[in-house]
Structures are given as structure tokens and as C-alpha cells.
Amino acid sequence: MTSEQLVGELPADVVSGDDDTGDDADEFTRSAEAWLKENVPARYRDHRGALSNEETDEIRRNWDRQLHQGGFAGLGLPREWGGQGLGLREEVAFHVLAGKAKAPDGFGRVAKVLVAPMLITSGTEEQKAKYLPKILSGDEVWCQGFSEPSAGSDLAGVKTRAVKVDGGYLITGRKTWTSFAQHADYCFLLAQTDPAAPRYKNLGMFLVDMKQPGVSISDIKQISGAIHFAEVAFTKVFVSDGDIVGEPGDGWSVAMRILTDERGGTETAARYVEIRSDVDLLLESCGDRPELASELQELDIRTELLRWQLSKVVDLEDDMGDAFQRAVSILKVLWSELWQDVTRVGIKAMVAADREHWRYQYFESRAVSIYSGTNEIQRNIISERVLGLPR
Ligand SMILES: Cc1cc2nc3c(=O)[nH]c(=O)nc-3n(C[C@H](O)[C@H](O)[C@H](O)COP(=O)(O)OP(=O)(O)OC[C@H]3O[C@@H](n4cnc5c(N)ncnc54)[C@H](O)[C@@H]3O)c2cc1C
């Protein structure tokens, strides 16, 4: 399939407001759509706001296993490592269809989007063989241990220490805002291997078993009431020499590659569906209110611009050069700020029947301009690295 077909096809079939993509859809789209129809848990699809944290967690955990059994885990990962060997177009298409089908978000997302590509690019053969099969099958959950109480935007300033001992390292330090830590079997974390080495050369990337003594996890409740993340203390936690990715001073460069994956196209696809559906709800419930008319029109247009930008990223996948990086870099800022504006109007519109929906969406959307690197930091990156502006 050529890139012209992809960009033309993405908006026309997959990224449309229709519930069904119809007879013109390609084979992948048709099989994904049929599988989702059969497999999305009805309880989650119809009652997701009313389920307890425990029930939601159970559904999310099972969802990773269902994806694997259905042949939809690791769509973009190479076949030799258990992936499906497909491209960004199929990944984006699946996320869009899953969003439309109201599918759960599995706990495996961190591992599939971040850890698997990291291991394929920078891991040893032993690490790939040990970790990739259980990432794809959904049997092992991973969390990301980057942020610390005094190192977030300034990620290079992490204080967690990795002290060399016989056969490995002892990790000591505190990580925070660690999504899914309560459920995780492993954490990939940044720690200082040599405090005397220059900045950016003093970090290692470690694969840490979370189920061993010395790991202590405290829940953090979010403003929406959900508990998605935690603070994690590591006290002399052992990691073997075989579980460092790259060389001891390589952690920063490995981390930078991961962050590009984190801010990329697939999450935007899922978010586009959520934003489109929120905008449609606003148009249905208050499209006839003149005082909201210009705001609603603007939100509608910005949502379509997001779809266009997403299609552009897919179109540029084969290129993977500067133009692709430019297109990807603005996606996170675009969708996060748009969604916050949509939920703000949702709250302002005060439609009684949708009050609970907007309350939840408004609180959840507060976080999106912060995680994966704040929008201020993302704007710094766009201005310095993409536009070449002076610091
Ligand atoms: C829902 C959620 C899930 C998360 N999950 C994870 C996870 O799984 N693993 C993980 O490691 N982290 C996670 N994080 C943490 C997230 O990556 C950090 O919150 C983020 O990087 C910001 O760091 P900070 O909170 O320390 O804020 P700070 O770095 O202290 O920033 C505070 C403010 O100052 C601004 N600022 C800082 N430096 C600059 C600058 N140079 N130029 C302009 N403005 C600047 C920031 O934009 C921000 O507004 C999560 C966060 C959230 C909200």
C-alpha cells in the first residue's frame, strides 16, 4: 500500500464518525472490527463509569490476554519477536476502531509501546527472549520509573543510585507518578551508575523485578478518584548485570528514544476517538444554544485538524525522517489542549443528564498536558529541535 493510499484511506474509512466502516474497508480493518464486536466486554462497554476500581483492573488485565489470543498484540512489532509485523497505519486503525468499540485500555500498553521497542532496538538477545513473549501475551505488566520527587521535566537530574556489586547492581531511590506500579511485575528505570560522570553520561537503564524485597509501593489517588499511579521506594533492590539495557552510561540515550515512542501516533489515535465522541455529545446536547455556537464550531474544526495531522503522520511513516518527527512532535500538544478545552466547555454547558460524564472527563483531562513530558517542555522541544530557534 502506498503512502498516498494510506493518507487517503485513514480519514475515509477508519477515522470517520460512522460506527461501521462498511464494505470498502480493507481486510485488516474488517477483521479488527469483527473481532472487537465479538470481544469487547459488554460490561465495560456499557457501564465503564460505574465499575469499581477492582473490576476495571480485572477487565484491563484480561484485555491484554484477549488481544494476544486474537492476534492483535504487538501489531507493529517484528514477527520474529512475536509481533504481527504490520505498520503504523494498522496500529492507528486498530486504536481508532478499539476506541469506537469502547474497548478497555490494557495494562500492557506501557510494555508494548515503550519496553518492547526499546528491547528490540537496544536490548540483548537474552533480554528479548526473556521479556518479549510475556509482554505480548499480557502475562507480565511493566511500569516506567523515570520521574522522581525532584526530577520530572529535568529527567537528567534523577537521584536514584545504582551501586555496582558482584554480579549486578543495588538500586536505591524513590520514583513517583509511576503508572500501573501496583500491578507491575517489572519496572524499567533510570538510575545513576556513576555520580562523578558528566550529566547525560551518568545514567543506566535497568529492568527491575518489582516482586522482590526492598520494593515498596504507595498508591496515589487522582483528582478523578481513579488510582492509576503510585510512589515507589527502592531500597537496595538487586538487578543482575544481564538486566541493564546498553552500557552503564547509556541510560539517557535509551530514554530519549523511548520518549519519542511515548509521544507518537498511536495514543493520539485513541484520543482522537474520545475527543470526537465528546465533541459530538456537545453538539447533540447543546448545538442549538447560541451562546455556545462559536466555541462549539471552533472545537469541531480543531478536532478535524487533529484527524488531518494524524493522517499526515501515518502518511510520513515510510519517510521516518525530519518531516515525520516534525509532524509527530506537535500531536501531543494539539490533542491534549483540545481535549482540555472540550471538557471545559462540557462543564460550562451544564447539561444535567451528562454531568457525571463531564465531571470525570474534566478531571481526567487535567493530567494530559503533564504526562509524557509537559506541554511547556514539548514546546521547548518544538521550538529548539524542530524550528531551530535559539534557546
Ligand atoms: C497521569 C500521569 C501519569 C504519569 N505516569 C508516569 C509514569 O508512569 N512514569 C514516570 O516516570 N512518570 C510519570 N508521570 C510523571 C510525568 O512525566 C511528570 O509529571 C512530568 O514529566 C513533569 O514533571 P514534574 O511533575 O516533576 O513537574 P516539574 O518538572 O516540576 O514541572 C513543574 C512545571 O514547571 C514547568 N517547567 C519545568 N521545566 C521547564 C522548562 N525548562 N521550561 C518551561 N517550563 C518548565 C513544567 O512544564 C510544569 O508546568 C505521570 C504524570 C501524570 C500526570
Side-chain angles (χ1 to χ4, degrees), residues 73-88 91 108-137 140-147 151 155-156 158 160-162 164 167-169 171 173 175 178-180 184-194 197-210 234 237-267 317 320-321 324-325 328-329 372-373 381 385:
L75 292 174
L77 298 177
R79 279 187 177 277
E80 64 171 311
W81 293 112
Q84 306 299 322
L86 299 170
L88 185 60
E91 284 202 52
R109 180 163 51 84
V110 169
K112 280 182 258 184
V113 176
L114 304 178
V115 184
M118 169 180 81
L119 293 180
I120 287 167
T121 315
S122 315
T124 61
E125 295 306 296
E126 289 76 20
Q127 288 166 351
K128 291 177 201 173
K130 181 176 171 190
Y131 294 119
L132 289 174
K134 288 191 178 166
I135 286 177
L136 289 169
S137 67
E140 284 176 352
V141 174
W142 286 69
C143 62
Q144 177 184 24
F146 282 16
S147 306
L155 189 56
V158 299
T160 296
R161 281 280 283 122
K164 188 75 187 95
Y169 291 81
I171 309 277
K175 296 289 175 181
T178 317
S179 301
F180 311 131
D185 300 286
Y186 290 94
C187 179
F188 62 110
L189 65 75
L190 277 175
Q192 279 191 18
T193 45
D194 179 2
R199 203 169 146 88
Y200 306 118
K201 300 277 181 206
N202 57 349
L203 301 173
M205 180 70 74
F206 295 90
L207 311 175
V208 182
D209 180 350
M210 292 286 281
F234 296 89
V237 171
F238 182 75
V239 182
S240 76
D241 285 328
D243 279 330
I244 181 164
V245 182
E247 297 299 316
D250 284 351
W252 181 256
S253 57
V254 174
M256 286 307 99
R257 219 170 295 137
I258 293 171
L259 289 177
T260 309
D261 289 328
E262 193 173 10
R263 293 164 187 158
T266 47
E267 180 170 14
E317 189 203 6
M320 279 297 189
F324 178 79
Q325 291 307 331
V328 165
S329 70
S372 312
I381 293 172
R385 296 194 210 149

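A quick note: this is a predicted structure, and the numbers were derived from the prediction, not measured. Side chains are part of it too, since the values below use all heavy atoms of this structure and drop only hydrogens, waters and symmetry mates.
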[X] vs [Y] side-chain heavy atoms within contact, under 4.5 Å:
| X | Y | value |
| --- | --- | --- |
| T160 | I171 | yes |
| V158 | K175 | yes |
| W81 | I135 | no |
| L207 | M118 | yes |
| W252 | L155 | yes |
| F146 | I258 | yes |
| M210 | F234 | yes |
| V245 | F188 | no |

Flag for R257-S122: side-chain donor and acceptor within less than 3.5 Å: yes
Does a side chain donor of either Y131 or D185 reach within less than 3.5 Å of an acceptor in the other side chain?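 Result is no, nothing qualifies.
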When you measure from the side chain of Q127 to the backbone of I244, do you find a donor-acceptor pair of N or O atoms at a distance under 3.5 Å? yes
Does D241 pair with K164 as a salt bridge, N-O distance under 4.0 Å?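 Looking at K164 together with D241, the answer is yes, because their closest N to O distance falls below 4.0 Å.
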Does the side-chain contact (heavy atoms from CB on, under 4.5 Å) test come out yes or no for D243 and V208, once each step is laid out? CA-CA 7 Å; D243 279 330; V208 182; over 6 Å; no
[X] versus [Y], closest heavy-atom pair with distance:
| X | Y | result |
| --- | --- | --- |
| P133 | A129 | CD-O, 3.4 Å |
| A116 | L77 | CB-CD1, 3.6 Å |
| R161 | A191 | C-CB, 4.2 Å |
| A184 | W142 | CB-C, 4.1 Å |
| L190 | A255 | CD1-CB, 4.0 Å |

Rounded to the nearest 0.5 Å, what separation is found between the NZ atom of K130 and the CD atom of E140? 8.5 Å
Pairwise distance CG(L119) to NZ(K128) - rounded to 0.5 angstrom: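 One finds 8.5 Å between CG of L119 and NZ of K128.
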Going through the checks in order, is the side-chain contact (heavy atoms from CB on, under 4.5 Å) test met by L132 and I120? CA-CA 9 Å; L132 289 174; I120 287 167; 4.0 Å; yes
Run the side-chain contact (heavy atoms from CB on, under 4.5 Å) test on T178 and Q144 for me, step by step, so that the C-alpha distance in whole Å, both residues' side-chain angles and the decisive distance to 0.1 Å come before the verdict. CA-CA 6 Å; T178 317; Q144 177 184 24; 5.7 Å; no
With sequence neighbours left out, what residues match F238 under ring-ring contact (aromatic ring centres under 6.0 Å, His included)? none
